[in-house]
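As the structure is a prediction and not an experimental result, all values here were calculated from the model.
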Amino acid sequence: MARPWRIEYEGALYHVFSRGNNQQDIFVTDDDRYLFLDTIGQMSERFGNDIFAYVLMDNHYHLLFRTPKANLSRSMQWLGTTYTRRFNLEHFQSGHLFQGRYKSILVENDAYLIQLSYYIHNNPLRAGIVKRLIDYRWSSYRANGLGQSDVLVSPH
């Protein structure tokens, strides 16, 4: 069976997420999380994407971002391949890090956008990792929740 086509167009807003292969951790140390955030920043610069929200859990991540160019697939292929290569070098591993292809959902209206931001940022609370979202270091809640900026990473 062929893979379904991804809808890509200029200015599209996406919820993108991916899980570790066999549900294994994709972030073992804080350095891994910093590395992933740095790699997201490089993706933003390279492909012109605007990052609005993120959360990094031990075995998966969620991103909310806009593609000013129709380049979701190229961006995510670069992110997944680059982070996997860097992670494997750091941990003396080889092979797949992520379980299959990333998943993406097109954000088509403001109501879904608000629910999505809530969903992304509440991951650590639902998992019982923290009692207050402000205490979780690996999400954009602090930046978004405190009204510092709408766009967290932008090449513009």
Side-chain angles (χ1 to χ4, degrees), residues 12-68 71-107 110 112-156:
L13 195 59
Y14 298 98
H15 172 208
V16 177
F17 49 100
S18 190
R19 184 171 304 283
N21 198 24
N22 294 319
Q23 297 187 12
Q24 74 184 36
D25 288 349
I26 58 175
F27 308 111
V28 179
T29 67
D30 285 351
D31 286 343
D32 295 335
R33 290 171 180 84
Y34 286 121
L35 176 64
F36 189 78
L37 292 175
D38 184 56
T39 307
I40 290 172
Q42 291 172 13
M43 177 191 73
S44 174
E45 290 175 19
R46 180 180 215 110
F47 296 98
N49 301 327
D50 299 317
I51 311 298
F52 294 103
Y54 68 86
V55 67
L56 310 182
M57 304 299 284
D58 288 344
N59 71 348
H60 70 283
Y61 68 83
H62 294 269
L63 301 174
L64 170 60
F65 70 95
R66 177 177 50 217
T67 57
N71 60 3
L72 174 67
S73 294
R74 287 184 43 231
S75 300
M76 291 307 300
Q77 180 183 23
W78 184 89
L79 176 65
T81 301
T82 301
Y83 179 71
T84 297
R85 188 177 68 249
R86 293 171 178 174
F87 179 93
N88 284 346
L89 282 170
E90 182 67 28
H91 295 284
F92 305 101
Q93 295 181 184
S94 63
H96 297 284
L97 180 61
F98 295 104
Q99 180 177 303
R101 293 176 79 199
Y102 64 92
K103 309 294 187 277
S104 65
I105 300 171
L106 190 61
V107 179
D110 290 344
Y112 180 63
L113 178 62
I114 291 166
Q115 286 181 319
L116 176 58
S117 179
Y118 179 82
Y119 173 80
I120 288 172
H121 289 121
N122 275 287
N123 262 259
L125 200 60
R126 280 192 310 277
I129 297 170
V130 294
K131 293 194 186 299
R132 300 177 326 148
L133 292 177
I134 196 74
D135 295 331
Y136 193 69
R137 295 173 40 195
W138 306 109
S139 85
S140 56
Y141 177 78
R142 289 177 176 184
N144 287 342
L146 301 176
Q148 293 176 4
S149 174
D150 291 336
V151 178
L152 297 175
V153 179
S154 176
H156 312 296

Does any part of the side chain of Leu37, heavy atoms only, come nearer than 4.5 Å to the side chain of Leu56, both counted from C-beta? yes

Are side-chain heavy atoms of Ser73 and Tyr102 found at a separation under 4.5 Å? yes

Min side-chain heavy-atom separation Asn123-His60 under 4.5 Å: yes

Side-chain donor/acceptor of Asp32 to backbone N/O of Thr29, under 3.5 Å: yes

With a 4.5 Å heavy-atom cut-off, do Thr39 and Leu79 have their side chains touching? yes

If you draw a 6.0 Å radius around CZ in Arg19, do more than 12 non-hydrogen atoms from other residues or ligands fall strictly inside? yes

Where is the tightest heavy-atom contact between Ser18 and Ile26, given as atom of each residue plus distance? O-CD1, 4.5 Å

Would you say the side chain of Val16 lies within less than 4.5 Å of the side chain of His62, judging by non-hydrogen atoms? no

Could you tell me whether Gln77 atom CD has more than 12 heavy atoms of other residues or ligands within 6.0 Å of it? no

With the threshold set at 4.0 Å, does a side-chain nitrogen-carboxylate oxygen contact exist between Arg86 and Asp31? no

Please say whether more than 12 non-hydrogen atoms of neighbouring residues, nucleotides or ligands are located less than 6.0 Å from CG in Asp30. yes

Rounded to the nearest 0.5 Å, what separation is found between the CZ atom of Arg66 and the CG atom of Asp50? 4.5 Å

Among Phe52, Tyr14, Tyr54, which residue satisfies the side chain to side chain contact (heavy atoms under 4.5 Å, CB included) criterion with Leu63? Tyr54

Value rounded to 0.5 Å, distance of CZ in Phe17 from CE in Met57: 14.5 Å

Passing option when Trp138 is tested against Tyr34, Phe36, Tyr61 for ring pair (Phe, Tyr, Trp, His ring centres under 6.0 Å): Tyr34

Using the rule given for side-chain hydrogen bond (donor to acceptor under 3.5 Å, both in side chains), can you reason through Ser75 versus Asn49, listing the C-alpha separation, both sets of side-chain angles and the distance that settles it, and then say yes or no? CA-CA 8 Å; Ser75 300; Asn49 301 327; 2.9 Å; yes

For Ile51 and Met43, which heavy atoms make the closest approach, and how far apart are they? CD1-CE, 3.9 Å

Looking at Leu35 and Phe87, what are the two nearest heavy atoms and their distance? CD2-N, 4.2 Å

For the OG1 atom of Thr81 and the CZ atom of Phe98, what is their distance to the nearest 0.5 Å? 9.5 Å

side-chain hydrogen bond (donor to acceptor under 3.5 Å, both in side chains) assessment of Thr84 paired with His96: CA-CA 7 Å; Thr84 297; His96 297 284; over 6 Å; no

Please report the shortest heavy-atom distance between His121 and Ser139, naming the atom on each side. CD2-OG, 4.0 Å

The test is salt bridge (Lys or Arg N to Asp or Glu O under 4.0 Å); show your working for Asp58 and Arg33 and say whether it passes. CA-CA 9 Å; Asp58 288 344; Arg33 290 171 180 84; 2.5 Å; yes

Would you please test Phe65 and His15 for ring pair (Phe, Tyr, Trp, His ring centres under 6.0 Å) and show each step? CA-CA 7 Å; Phe65 70 95; His15 172 208; over 10 Å; no

